[in-house]
Amino acid sequence: MSANVNTALPLEYQTEQNRMNILGFWIFLGAEIILFGTLFATFSVLNARYAGGPTPHELFEIKGVMIETILLLTSSFTMGLAIYEMRRSNRNGLILWFVITLLLGAGFVFFEVTEFIHYVHEGATWHTSAFLSSFFVLLGTHGLHVSMGIGWATMVIIQLLQRGLTPVTARKTFIIGLYWHFLDVVWIFIFTFVYLARMVA
């Protein structure tokens, strides 16, 4: 079995199975890009169809959006620190930065849900107009992915506590790190093309 382990590589890449699993996850992210690309395309077609309902200028508030953005982008940085500690074989440091990342992610979800509740109280639901339908589906899909990422990462942390830092737990940690960074990149596009572009238009 040891002959199949290449200790010259980072822990998560040391076995053939791990390398294949990571490659498979990159392919999965390709499918996720197609999913979000479709949602962005839908929003770009429907974003000016207000049907007499609220417009982005009437709804969007830069303060709340900036808080969400800072929380999520900071979580990407702390996730990078978690992977750095993993490469140093520092399990405790890895778990610490992992937990901080998840707390930042939970803060993001909280502010996004608060934002949605505010919109609903303003009479802006996904039934109000095509613009709001595409808006809620795009952001709701992203928020659901972040929430799933928090649950997934929590299970990885439990495995790290139970089994320690092994090639298998390192691979799972690395994969959730890729997933988290992907969601941050998607948010940058949302922040730019959904919020900023509509606020300055």
Side-chain angles (χ1 to χ4, degrees), residues 24-79 100-156 175-201:
F25 192 75
W26 277 110
I27 295 171
F28 167 77
L29 287 183
E32 290 284 274
I33 290 172
I34 294 173
L35 167 64
F36 280 102
T38 302
L39 295 178
F40 274 107
T42 302
F43 179 81
S44 69
V45 171
L46 301 177
N47 72 85
R49 302 185 181 182
Y50 306 128
T55 67
H57 289 285
E58 296 169 330
L59 285 177
F60 296 163
E61 296 180 1
I62 191 64
K63 178 181 177 181
V65 178
M66 283 301 300
I67 291 173
E68 293 171 32
T69 302
I70 291 170
L71 286 171
L72 202 58
L73 295 188
T74 303
S75 77
S76 187
F77 175 71
T78 56
M79 179 62 83
I100 292 173
T101 298
L102 299 191
L103 290 174
L104 291 167
F108 167 84
V109 172
F110 171 79
F111 278 100
E112 186 168 64
V113 170
T114 301
E115 176 190 357
F116 284 0
I117 292 172
H118 170 71
Y119 293 160
V120 170
H121 286 165
E122 294 293 318
T125 71
W126 76 330
H127 299 291
T128 304
S129 65
F131 155 65
L132 287 168
S133 294
S134 60
F135 171 81
F136 279 116
V137 170
L138 173 57
L139 269 74
T141 301
H142 177 266
L144 178 61
H145 276 66
V146 174
S147 300
M148 291 170 56
I150 292 171
W152 179 9
T154 300
M155 290 188 287
V156 173
I175 285 177
I176 186 63
L178 291 177
Y179 183 74
W180 200 264
H181 290 310
F182 168 75
L183 295 178
D184 290 334
V185 171
V186 173
W187 179 258
I188 291 172
F189 280 93
I190 290 175
F191 177 71
T192 303
F193 296 108
V194 175
Y195 287 105
L196 285 187
R198 301 299 168 271
M199 288 178 179
V200 302

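The chain is numbered in sequence order, starting from 1.
Minimum heavy-atom separation, Pro54 to Leu59: CB-CG, 3.7 Å. Scanning all heavy atoms of the two residues, the minimum distance from Ser76 to His181 falls at OG-ND1, 2.7 Å. Across all non-hydrogen atoms, the minimal contact from Thr55 to Phe131 is C-CE2, 4.5 Å. Across Thr101 and Ser75, no two heavy atoms sit closer than the pair CG2-O, 3.5 Å.
At least one side-chain heavy atom of Ile188 sits under 4.5 Å from a side-chain heavy atom of Leu73. Between His142 and Leu72 there is a side-chain heavy-atom pair separated by less than 4.5 Å. Between Val137 and Thr42, the closest side-chain pair of non-hydrogen atoms is not below 4.5 Å. Using a 4.5 Å heavy-atom cutoff, the side chains of Ile33 and Phe182 are in contact.
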Report, one line per pair, each donor and acceptor closer than 3.5 Å where one atom sits in a side chain of residues 61-71; sequence neighbours left out.
residue, atom, partner, partner atom, Å
Thr69, OG1, Val65, O, 2.8
Thr69, OG1, Trp187, NE1, 3.0

Without placing hydrogens or testing angles, list every side-chain donor-acceptor pair under 3.5 Å for residues 106-115, not counting sequence neighbours.
residue, atom, partner, partner atom, Å
Thr114, OG1, Phe110, O, 2.8
Glu115, OE1, Tyr195, OH, 3.3
Glu115, OE2, Tyr119, OH, 2.6
Glu115, OE2, Tyr195, OH, 2.6

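Partners of Phe28 by side-chain contact (heavy atoms from CB on, under 4.5 Å), not counting sequence neighbours, listed by chain and number: Phe25, Glu32, Tyr179. By the ring pair (Phe, Tyr, Trp, His ring centres under 6.0 Å) test, Phe43 is found to be paired with no residue, residues two or more places apart in sequence or in another chain being considered. Checked against ring pair (Phe, Tyr, Trp, His ring centres under 6.0 Å), Phe136 has the following partners two or more places apart in sequence or in another chain: Phe116. Qualifying side-chain contact (heavy atoms from CB on, under 4.5 Å) partners for Phe189, counting only residues two or more places apart in sequence or in other chains: Phe40, Val185, Phe193.
Taking CE from Met79 and CG from Leu178, the interatomic distance works out to 9.5 Å, rounded to the nearest 0.5 Å. Considering CG of Leu132 and CG of Leu46, their distance stands at 11.0 Å, rounded to 0.5 Å. Interatomic distance, CG of Leu29 versus CG of Leu35, reported as 11.5 Å (0.5 Å rounding). In this structure, CG on Leu139 lies 4.5 Å from CD1 on Ile190, to the nearest 0.5 angstrom. Leu138 contributes atom CG, which lies 11.0 Å from atom CG of Asn47 (distance to the nearest 0.5 angstrom).
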Original post:
Which is it for Tyr50 and Thr128 under the side-chain contact (heavy atoms from CB on, under 4.5 Å) test, yes or no, and what are the steps along the way?
Top reply: CA-CA 8 Å; Tyr50 306 128; Thr128 304; over 6 Å; no

**OP:** Please lay out, stage by stage, how Trp180 and Thr78 fare under the test side-chain contact (heavy atoms from CB on, under 4.5 Å).
**Re:** CA-CA 11 Å; Trp180 200 264; Thr78 56; over 6 Å; no

